Asks: 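This is the structure I have questions about; it appears just below.
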Amino acid sequence: MAIVEVNGTRIAYDRRDENAGGPPVIFVHAFPLNRTMWEPQFEEFGGVFDVIAPDMRGHGASELDLERVSMEQMADDVHALAEALELGPVVLVGLSMGGYVALAFAKKYPDALRALVLADTRATADDAEARENRYATIRDVAANGPAALAEKMLPRLLSEKSIEEDHELVLTVRRMIETNSAAGIAAALAGMAEREDSSGVLASIAVPTLVIVGTEDAVTPPADAEALASGIAGARLERLEGAAHLSNLERSAEFNTLLKDFVGGLDAES
Ligand code: MLT
């Protein structure tokens, strides 16, 4: 793990391997996880592509200095990290909250994007009920801590089959959630509650885009992925059979194949 100070905050990230070929690939994690959720992708691509995974502000080993961390702030941090590492245009891979950040990045920094991968995410903002639920969760986490949130979220993040059969995966995700602070979780929840609707950004996206969704994703269901893919010119939509929300972990081999073909094919494109 390395630390870089950007926008007045210390951001933690992993990088492997800066001398590899192709465009750099930055992975942005889901809520309330951290950069290590991309371990199956780092194992596969380290040495093949230059892969970078930061902890968003308030998650993992990154600092928290705000009560609410907006998706734009997270996008600013990712952009500042890319500048600090002198990466040039990047392939941005965002899963769920990471996708909200990727869309904020696409709006603000279109010239810094080489390509986009939007996994298990959506463009729309929260409705009033979803927003109220986020604030109820903030109160709940303040009272009962991140472990209670993990208990509630696990059945939504992973499929029933994974919960029953893949105890190692369940433990890995649980640990990621539990090692975040209540303050970091609250700041991200407030940022997601107040995030803008990014539907209007889709038509302006002019880079190759891959949309991935687990067929069993109940948090950001396949219909959200279909809306993303139909709003972005030339976007490709891929469904991962049987995966729930964390499709990169539940179907890592298939996820990696899609990513490898997509990133590997970029050199051949204009
Ligand atoms: C995530 O996986 O990042 C979150 O579940 C997204 C959300 O709560 O909207």
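Just so it is clear, the structure is predicted and the values come from calculations on it, not from any experiment. Counting starts at 1 for both ligands and their atoms, in listed order.
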Asks: Apply salt bridge (Lys or Arg N to Asp or Glu O under 4.0 Å) to Lys161 and list each qualifying residue two or more places apart in sequence or on a separate chain.
Replies: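 Only Glu165 meet the salt bridge (Lys or Arg N to Asp or Glu O under 4.0 Å) criterion with Lys161.
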
Asks: What I want to know is whether Met97 and ligand 1 share at least one N or O pair that is separated by under 3.5 angstrom.
Replies: yes

Asks: Just which atoms of ligand 1 are under 4.0 Å from any heavy atom in Val219?
Replies: 5 (O)

Asks: Any salt bridge between Arg57 and Asp65, counting N to O under 4.0 Å?
Replies: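 Looking at Arg57 and Asp65, the cut-off is met.
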
Asks: What do we get for Arg156 next to ligand 1 when only non-hydrogen atoms under 4.0 Å count, side chain, backbone, both or neither?
Replies: neither

Asks: Do the side chains of Glu238 and Arg236 get close enough for a salt bridge, i.e. N-O under 4.0 angstrom?
Replies: yes

Asks: Identify whether the distance between the nearest side-chain nitrogen and carboxylate oxygen of Glu196 and Lys107 falls below 4.0 Å.
Replies: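 Yes.
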
Asks: Regarding ligand 1, does Met192 bring an N or O atom to under 3.5 Å of one of the ligand's N or O atoms?
Replies: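 No, Met192 has no N/O under 3.5 Å of an N/O on ligand 1.
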
Asks: Name the closest protein heavy atom to atom 9 (O) of ligand 1, giving the residue it belongs to and the distance to 0.1 Å.
Replies: Tyr100 OH, 2.5 Å

Asks: Ligand 1 and Arg122, any nitrogen or oxygen pair closer than 3.5 angstrom?
Replies: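 N/O-N/O distance under 3.5 Å: no.
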
Asks: Are Arg134 and ligand 1 in contact, using a heavy-atom cut-off of under 4.0 Å?
Replies: yes

Asks: Taking Gly58's backbone N and O only, do any of them form a donor-acceptor pair with Ser62's side chain (distance below 3.5 Å, no angle check)?
Replies: no

Asks: Please write down residue, atom name and distance for the protein heavy atom closest to atom 1 (C) of ligand 1.
Replies: Ser96 OG, 2.7 Å

Asks: Once the angle between the rings of Tyr109 and His79 is folded into 0 to 90°, is it parallel (under 30°), tilted (30 to 60°) or perpendicular (over 60°)?
Replies: parallel

Asks: Numbering the atoms of ligand 1 from 1, which are under 4.0 Å from a heavy atom of Ala30?
Replies: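 Here the atoms of ligand 1 in question are 1 (C), 2 (O), 3 (O).
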
Asks: Strictly below 4.0 Å, N to O, side chains only: are Asp126 and Arg131 in salt-bridge contact?
Replies: no

